[in-house]
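Note sheet for the following structure.
The figures that follow rest on heavy atoms only: side chains count, while hydrogens, waters and symmetry mates do not.
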Amino acid sequence: QVQLVESGGGLVQPGGSLRLSCAASGSISLSYSWGWYRQAPGKQRELVARIISGGPTNYADSVKGRFTISRDNAKNTVNLQMNSLKPEDTAVYYCNADAKTTLLAPRRDYWGQGTQVTVSS
């Protein structure tokens, strides 16, 4: 019922910038938070950034000062602006929503299919 679709990934040189977007389709009656995760080959999936309903945000130490997460409630999208990219940022980036589809539905996580970000010279 709820589908998250990421876009904006690609190849960028070190020091460059990239903006990821996540579009949500389907009904979401209540969202507790939205986030971006990433997973590099051979590594565990890790939290990159999260924005809590109401505004507060948090970031992984490795991306603080470089990445910015934002939400557009009207358009039901979440974005991740990535600046000063480093080779170690290379990974598949996943959009996540902690939400309820209806008022009485259980709270659960929804995931997108991921978008590849490659930082290389």
Please assess T90 against Q116 for the test side chain to side chain contact (heavy atoms under 4.5 Å, CB included), listing each intermediate value before the final yes or no. CA-CA 8 Å; T90 296; Q116 177 71 48; 4.0 Å; yes
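Linking ILVMFWY residues whenever their side-chain heavy atoms come closer than 4.5 Å, directly or via other members, leaves V92 and V5 in distinct clusters. Under the 4.5 Å side-chain contact rule for hydrophobic residues, L80 and Y94 do not share a cluster.
Interatomic distance, Y32 OH to D109 CG, rounded to the nearest 0.5 Å: 12.0 Å. To the nearest 0.5 Å, the span separating OG1 on T77 from CG on L4 amounts to 11.5 Å. Distance check: C95 SG to W36 CH2 gives 5.0 Å after rounding to the nearest 0.5 Å. To the nearest 0.5 Å, atom CD of residue Q39 and atom OH of residue Y93 are 12.0 Å apart.
The heavy-atom pair separating K100 from L103 by the smallest distance is NZ-O, 2.9 Å. Nearest heavy atom pair, residue A105 against residue T101, reads CB-OG1, 3.6 Å. Between A40 and A91, the shortest heavy-atom distance links the atoms N-CB, 3.8 Å. The minimum heavy-atom distance linking R71 with S31 is given by the pair NH2-OG, 4.4 Å.
No donor-acceptor pair under 3.5 Å is formed between the side chain of K86 and the backbone N or O of D89. Within the 3.5 Å criterion, the main-chain N or O of Q113 finds a donor-acceptor partner in the side chain of E6.
Residue Q44 qualifies as open at atom CD: its count of foreign heavy atoms under 6.0 Å is 12 or below.
Here W111 and Y37 bring their ring centres to under 6.0 angstrom of each other.
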Sequence neighbours left out, cut at 3.5 Å: what donor-acceptor pairs do the side chains of residues 51-62 make with other protein atoms?
from, atom 1, to, atom 2, distance (Å)
Y59, OH, I69, N, 3.0
D61, OD1, K64, NZ, 3.2
S62, OG, R38, NH2, 3.4

Please output the side-chain donor-acceptor pairs of residues 7-23 that fall under 3.5 Å, not counting sequence neighbours, one pair per line with the distance.
from, atom 1, to, atom 2, distance (Å)
S17, OG, N83, OD1, 2.9
R19, NH1, Q81, OE1, 3.2
S21, OG, N79, OD1, 2.9

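Side-chain contact between N96 and Y110 is absent, with no heavy-atom pair separated by less than 4.5 Å.
No hydrogens or angles considered: nothing links the side chains of R66 and S84 as a donor-acceptor pair under 3.5 Å.
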